[in-house]
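Reminder, nothing fancy here: chain letters follow the sequence lines and each chain counts from 1.
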2 protein chains.
Amino acid sequence: MNESQAIPAFSALAQETRLQIIRFLVRSGPNGSPAGKVGEEVGASSSRLSFHLNVLEQAGLVTATRVSRTIIYRADLQRLGALVGFLLEDCCSGHPTVRKCCEMPPSKG
Amino acid sequence: MNESQAIPAFSALAQETRLQIIRFLVRSGPNGSPAGKVGEEVGASSSRLSFHLNVLEQAGLVTATRVSRTIIYRADLQRLGALVGFLLEDCCSGHPTVRKCCEMPPSKG
DNA sequence: TCAATACCTCAAGAGTTATTGAAATATGAA
DNA sequence: TTCATATTTCAATAACTCTTGAGGTATTGA
């Protein structure tokens, strides 16, 4: 991931509705979720939802696939991982203090 | 880190000049750097620099300390780490695919 | 073909962000 | 006090973001 990919990604995540969408799509797993269901989940009107899904898609954080009348959205976990990597390596020079946050939480081994 | 801290932090990082500032301040280490030197480094006029440093400070990603005539800025590594943690845990539910990016790079391991 | 469903696009308006240049504030030294 | 240095604040402006509501497109089934 380079800066010109990271900037739209950070920008996409800097918004409450889009954060809700990402959370929901990550939890929806590899099957993803149709736009309508995402809209119900986050409580957004169709045009508002479409606007935010488009921002996320342009940022590369979600993918869209048409299946008949519905459009299935999925979180792009590789991209999200690459963004974490950008934050750790590019922004923070791999600094150990920043890296500590990535260790597994104690109760989850 | 919660959502209302993460949103301004993502927003702060979604800008080229501020990304340059963060990189430089992380590399400057615990002594930080005076505003003027940051401005030289990133090629920003004083008012423009001040604007961006303020955004970063409000977002909690840098701290400012006055020392005589100069103001020393430092990257807040704890906050940056907490933001990585938010991205991994809150946004991505600690998903292993996303986590893989946090492993030490092979040549540095 | 017509109607229904699922979703997107468009235009308008309010609010926010980034840049510029001028002016203000704070500190230190002559 | 006067001057220089370091930095912030202010006002104007252009560009961008988000929301709303109306209308459009794609697909399916009767």
Proximity to the side chain of [X] - top-ranked nucleotide from [options]:
X: B/Tyr73; options: D/dC18, D/dT8, C/dA18; value: D/dT8
X: B/Gln15; options: C/dA4, C/dT27, C/dT19; value: C/dT19
X: B/Arg66; options: C/dA26, C/dA18, D/dT28; value: C/dA26
X: A/Phe51; options: D/dT17, C/dA6, C/dC8; value: D/dT17

### Task
Check whether any side-chain heavy atom of A/Val62 sits under 4.5 Å from a side-chain heavy atom of A/Arg74, and report yes or no.
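Not in contact.
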### Task
Report yes or no: is there a donor-acceptor pair, N or O only, under 3.5 Å between the side chain of A/Ser47 and the base of C/dC7?
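By the distance-only test, no, there is no pair.
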### Query
Checking A/Arg48 side chain against A/Thr17 main chain: does a donor-acceptor pair fall under 3.5 Å?
no
### Query
Judged by atom type as modelled, is there a donor-acceptor pair below 3.5 Å linking the side chain of A/Arg66 to the main-chain atoms of A/Ser68?
yes
Between [X] ([atom1]) and [N] ([atom2]), how many Å, whole number?
X: B/Arg48; N: C/dG21; atom1: CZ; atom2: C1'; result: 14 Å
X: A/Gln58; N: C/dT9; atom1: CD; atom2: P; result: 10 Å
X: A/Leu49; N: C/dT9; atom1: CG; atom2: P; result: 12 Å
X: B/Leu53; N: D/dT7; atom1: CG; atom2: P; result: 10 Å
X: B/Asn54; N: C/dT17; atom1: CG; atom2: P; result: 12 Å
X: A/Ile71; N: D/dT25; atom1: CD1; atom2: P; result: 15 Å

Measuring to OP1 and OP2 of [N], would you say a side-chain N or O of [X] lies under 4.0 angstrom away?
X: A/His52; N: D/dT19; value: yes
X: A/Thr70; N: C/dA6; value: no
X: B/Arg69; N: C/dT25; value: no

### Query
In terms of side-chain geometry, is the basic nitrogen of A/Arg23 or A/Glu41 positioned less than 4.0 Å from the acidic oxygen of its partner?
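No salt bridge links A/Arg23 with A/Glu41.
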### Message
Applying a 4.0 Å non-hydrogen cut-off, can you work out what B/Ser46 is touching in the nucleic acid: base, sugar-phosphate, or nothing?
### Response
base
### Message
Using a 4.0 Å heavy-atom cut-off, does A/Ser50 contact any base of the nucleic acid, only the sugar-phosphate backbone, or nothing at all?
### Response
base
## Note on the structure
Here the gap from A/Leu25 atom CG to B/Cys91 atom SG, rounded to the nearest 0.5 Å, amounts to 12.0 Å
